[in-house]
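Accompanying notes for the structure given below.
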Amino acid sequence: MTDTKTAEASAPEKAANFIRNIVTDDLKNGKHTGIVTRFPPEPNGYLHIGHAKSICLNFGLALDFGGRCHLRFDDTNPTKEDIEYEDSIKENVKWLGFDWGRHMYYASNYFEQFYNYAVLLIEKGLAYVDSLSADEMRALRGTLNEPGKESPYRSRSVEENLDLFSRMRAGEFEEGSNVLRLKIDMASPNINLRDPVIYRIRKVEHHRTGDAWCIYPMYDYAHCISDAIEGITHSVCTLEFEDHRPLYDWVLDQLPVPCHPQQIEFARLNLSYTVMSKRKLLELVQEKLVDGWDDPRMPTLVGLRRRGFTPQSIVNFCETIGVGKSDSFIDMSILEESVREDLNVRAPRAMSVLRPLKLVIEGYPEGESEEFEAANHPNDPEMGTRKVPFSKTVYIERDDFQEEPAKGFFRLAPGREVRLRYAYIIRCESVVKDENGEIVEVRCSYDAGSRGGSAPDGRKIKGTIHWVSADHAVDAEVRLYDRLFSTPNPGGKNEPDYRSSINPKSIEVLSGCKLEPSLAGATLENRYQFERLGYFCLDSKDSKPGAMVFNRTATLRDSWSEQKK
RNA sequence: UGGGGUGUCGCCAAGCGGUAAGGCAACGGACUCUGACUCCGUCAUCCAAGGUUCGAAUCCUUGCACCCCAGCCA
């Protein structure tokens with residue numbers, strides 16, 4: 001086997017996709033000598049896994065082709081945006097491992113240029129101030145099948161428009177009373193071209209420009225100009241903006257901008273068993289259906305992070321799913337597989353018993369204990385070993401014992417032998433039950449010659465189970481997370497409200513779990529594989545030095561439980 | 001019934017006229033002190049129907065299905 005131990009080595013090869021092909025061609029035929037992309041979030045919410053796809057695409061393109069990628073806040077709507085989101089977004093991008101260097105921009109920094117360009121458009125007779133109300137404007141817009149009608153204000157003179165627009169800026173009009181519209185074509189089959197509004201009055205403070213402005217530009221007008229100002233070569237966005245591209249191009253064609261970026265659209269990420277819309281995510285938080293934006297079940301980057309996902313696993317995931325234009329629906333299992341793949345290689349192993357069953361080893365000296373050497377990673381000796389204490393009473397997983405073993409079960413059962421990992425081979429001799437018939441203790445004999453776990457006579461022991469010494473165990477709370485929803489497409493077509501699909505078992509809190517003592521030194525940066533159980537990490541919010549709380553990031557694949565179904 | 005898109009294995013996705021990559025899943029097997037990992041093997045004729053061509057997933061025609069658009073949101 002070749003060395004695949006490092007995260008770098010396990011990163012998948014860059015796959016071809018249509019955007020990379022476009023960039024490659026543009027570079028080859030000299031259309032560009034270098035490329036500039038951008039990730040342009042609106043600071044009005046937390047980033048989720050879908051944004052990660054865009055971040056990886058844009059920053060990845062820049063990295064691979066020796067260009068640069070800008071981080072630009074598309075902050076043109078002060079009624080929805082806030083500085084708190086900016087900080088989170090910046091941190092998330094950095095956490096994923098990307099660096100915008102000094103290329104940090106704000107659409108709001110271009111407000112004056114946007115305004116000047118708007119004046120230019122008015123002077124060219126390509127924009128006019130409309131005094132229709134929103135309702136009236138909607139009524140004239142037409143429908144998908146019928147053309148719209150021109151506004152009675154469409155023919156105002158350039159002078160009047162100039163005057164009106166400057167007074168809009170000066171704050172002389174109320175919100176909603178006037179807007180600036182482009183004069184394109186009310187009969188266009190593309191509704192985006194039916195004289196789109198490019199400025200509206202909003203008498204609110206902007207988190208960056210304060211009260212300097214009371215008119216704010218709209219996306220279609222601001223975005224393309226921002227791209228042009230920054231010298232973006234490839235403006236990558238999602239499919240729903242495909243219809244807007246003619247408008248993007250129209251605006252840039254009318255203005256003396258430094259360049260004309262190419263807008264390219266790709267399919268946004270859809271993930272099964274979760275929701276991705278900002279609205280639903282916000283509702284989950286506001287209605288306290290989850291424990292905040294960073295609830296470990298949320299598809300947000302802060303949630304995934306708290307859950308224990310590594311940045312590398314997310315980047316790998318984004319590479320794995322590819323980029324295309326067909327509506328895709330990625331199965332959650334692929335995301336889960338991405339963490340396993342990454343954590344399998346980097347997570348040290350440890351033993352923890354989540355649902356303890358007391359096991360007493362008859363014949364093992366009372367009050368005595370010994371230590372066994374355990375590998376921190378079975379396939380990577382470089383990760384070293386640790387000592388695991390053993391004593392007469394240990395805890396094993398309740399699931400690892402069956403009084404009447406099911407077919408195919410090869411763990412502990414009356415009269416059967418099993419190996420306590422790294423310790424001894426034991427045999428179940430009897431079972432102790434309480435007055436309710438509940439098994440409270442298992443009593444076993446042990447093969448003193450099997451110290452360390454290997455049979456002296458070379459006999460094959462099929463089952464190996466994990467355990468923790470009762471005398472040395474560290475108690476902890478462990479939270480088992482599962483998919484937030486129990487249906488693949490919550491709230492989708494022909495589905496009831498997504499809230500009713502929330503998986504009641506998406507979180508299970510276990511207290512009194514028994515961990516091997518080395519885990520007492522766990523830190524937030526560490527992630528562990530609890531052998532035979534899954535990958536776990538400390539909860540960044542609730543874990544305290546004397547009262548540790550672990551989150552289950554992902555289970556291990558389990559062909560036994562699959563076989564049972 | 002307008003406009004813009006998409007349709008290649010269960011889920012993604014390469015392919016750009018020369019005889020269907022890869023990943024995940026699934027299935028079979030090997031290995032195993034984690035029923036994990038790893039390893040080996042199996043697994044499509046490309047939405048449909050016509051046409052062009054020596055040759056088509058790739059070109060043309062006609063259908064069909066699905067997605068997006070009527071915010072002074074992005």
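A, B, ... follow the sequence lines: proteins, then strands. Residue 1 opens every chain.
- Atom pair A:I191:CD1 and B:G71:P shows a separation of 8 Å (rounding to whole Å applied).
- Remark: A:S188 is not in phosphate contact with B:G3, judged by side-chain N or O atoms under 4.0 Å from OP1 or OP2.
- Taking 4.0 angstrom as the limit, A:R419 places none of its side-chain polar atoms (N or O) nearer than this to OP1 or OP2 of B:G35.
- B:A48 and B:A36 have their P atoms separated by 39 Å, given to the nearest Å.
- A distance of about 38 Å separates the P atoms of B:G15 and B:G71, rounded to the whole Å.
- Ranking B:A70, B:U34, B:C73 by closeness to the A:E42 side chain, first place goes to B:C73.
- Between A:R202 and B:C73, a side-chain N or O to OP1/OP2 separation shorter than 4.0 Å is present.
- Using a 4.0 Å heavy-atom criterion, one finds that A:F530 contacts no nucleic acid atom at all.
- Partner A:F241 forms a ring-ring contact (aromatic ring centres under 6.0 Å, His included) with one of A:Y219, A:Y248, A:F266 and no other, that one being A:Y219.
- Atom P of B:U38 sits at a distance of 24 Å from the matching atom of B:A44, rounded to the whole Å.
- If you check B:C73, B:U6, B:G35 against the side chain of A:K80, the one that comes closest is B:C73.
- Between A:F309 and A:F317, every side-chain heavy-atom pair lies at or beyond the 4.5 Å cut-off.
- In this structure, B:G2 and B:C69 make a Watson-Crick or G-U wobble pair, each of the two defining distances being under 3.5 angstrom.
- Relative to the side chain of A:E337, the nucleotides B:A36, B:G35, B:C24 differ in distance, and B:C24 lies closest.
- Phosphate contact (OP1/OP2 of B:C69, side-chain N/O of A:R194, threshold under 4.0 Å): absent.
- Distance noted for atom P between B:U62 and B:U1: 16 Å (whole Å).
- For A:R141, whose side chain is taken as the heavy atoms from C-beta onward, the closest listed nucleotide among B:A13, B:G71, B:A74 is B:G71.
- If you check every strand for non-hydrogen atoms under 4.0 Å, A:T79 touches nothing.
- Across all strands shown, A:L144 has heavy atoms under 4.0 Å from base atoms, whether or not it also approaches the sugar-phosphate.
- The side-chain ring of A:Y219 is not stacked on the base of B:A74, judged by centre separation under 5.5 angstrom and plane angle under 30 degrees.
- The nucleotide B:G63 finds its pairing partner in B:C47, both defining distances of the Watson-Crick or G-U wobble pair being shorter than 3.5 Å.
- For A:N344 and B:U32, the CG to P distance is 18 Å, given to the nearest whole Å.
- Judged by atom type and distance alone, A:D243 reaches the base of B:G3 through a side-chain donor-acceptor pair under 3.5 Å.
- Rounded to whole Å, the distance from CD on A:E531 to C1' on B:U32 is 12 Å.
- Using cut-offs of 30° and 60° on the angle between ring planes, the pair A:W213 and A:F111 is perpendicular.
- In this structure, A:S333 and A:D135 both approach RNA chain B, and ranking their closest nucleotides by distance from the 5' end singles out A:S333.
- In this model, no side-chain donor or acceptor of A:R245 finds a partner on the base of B:G4 within 3.5 Å.
- Side-chain atoms of A:D327 lie closest to B:C67 of the nucleotides B:G35, B:C67, B:U6.
- A:L132 comes within contact range of at least one nucleobase, with a heavy-atom separation under 4.0 Å.
- Summarising the geometry, the separation between NZ on A:K462 and P on B:U34 is reported as 10 Å, rounded to the nearest angstrom.
- Surrounding CD of A:E174 are at most 12 heavy atoms belonging to other residues, nucleotides or ligands under 6.0 Å away.
- A:S133 and A:E136 form a side-chain donor-acceptor contact under 3.5 Å, judged by distance and modelled atom types alone.
- Proximity note for A:S328 (side chain, C-beta onward) versus B:A13, B:C73, B:G35: the nearest is B:A13.
- In this structure, of B:A36, B:G2, B:A74, it is B:A36 that holds the atom nearest to the side chain of A:S559.
- Close placement of the A:Y46 and A:Y85 rings is indicated, their centers lying within 6.0 Å of each other.
- No side-chain heavy atom of A:S352 sits less than 4.5 Å from a side-chain heavy atom of A:V478.
- Among the atoms of the strands shown, base atoms are found under 4.0 Å from some heavy atom of A:V179.
- Going from the C1' atom of B:U45 to that of B:U32 covers 40 Å, rounded to whole Å.
- Exactly one of A:S333, A:P490, A:P488 qualifies for a side-chain contact (heavy atoms from CB on, under 4.5 Å) with A:R483. That residue is A:S333.
- Of the C1' atoms belonging to B:A14 and B:U58, the separation is 13 Å, rounded to the nearest Å.
- Judged by closest nucleotide on RNA chain B, A:G453 is the one of A:G453 and A:D220 placed further toward the 5' end.
- Applying the side-chain contact (heavy atoms from CB on, under 4.5 Å) test between A:Q529 and each of A:T553, A:N376, A:L343, A:L556 identifies A:L556 as the sole match.
- For A:Q529, the side-chain atoms get nearest to B:U34 when compared with the rest of B:U34, B:A74, B:G4.
- Counting only heavy atoms from C-beta on, A:I334 has its side chain closest to B:C11 among B:C72, B:C11, B:C67.
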Please write out the pairs of protein N or O atoms and N or O atoms of nucleotides 15-17 of chain B separated by less than 3.5 Å, giving the distance to one decimal.
| from | atom 1 | to | atom 2 | distance (Å) |
| --- | --- | --- | --- | --- |
| B:G15 | OP1 | A:N21 | ND2 | 3.2 |
| B:C16 | N4 | A:N21 | ND2 | 3.2 |

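- Remark: C1' of B:C24 and CG of A:L335 are 12 Å apart, rounded to the nearest angstrom.
- Base pairing of B:A36 is not made with any nucleotide, judged by Watson-Crick or G-U wobble geometry with both donor-acceptor distances under 3.5 Å.
- Under the Watson-Crick or G-U wobble criterion, with both distances below 3.5 Å, B:G22 is paired with B:C12.
- Cation-pi geometry between A:R169 and A:Y115 is met: the NZ or CZ atom falls under 6.0 Å from the ring centre, inside 45° of the normal.
- Spacing between B:C12 and B:A25 at atom C1', rounded to whole Å, works out to 11 Å.
- For the pair A:K325 and B:G4, the criterion of a side-chain N or O lying under 4.0 Å from OP1 or OP2 is not met.
- Geometrically, A:R202 does not engage A:Y216 in a cation-pi contact defined by less than 6.0 Å to the ring centre and at most 45° from the axis.
- A:E81 has no carboxylate O lying under 4.0 Å from a charged side-chain N of A:R208, or vice versa, which leaves the two without a salt bridge.
- Side-chain nitrogen and oxygen atoms of A:R138 include at least one within less than 4.0 Å of the OP1 or OP2 phosphate oxygen of B:G71.
- B:C47 and B:C64 have their C1' atoms separated by 7 Å, given to the nearest Å.
- Look at B:G71: its glycosidic torsion is within 90° of 0, and that puts it in the syn range.
- Within the 4.0 angstrom heavy-atom criterion, base atoms lie near A:G408.
- With distances taken from any side-chain atom of A:R421 to the nucleotides B:A74, B:U32, B:U34, the minimum falls on B:U34.
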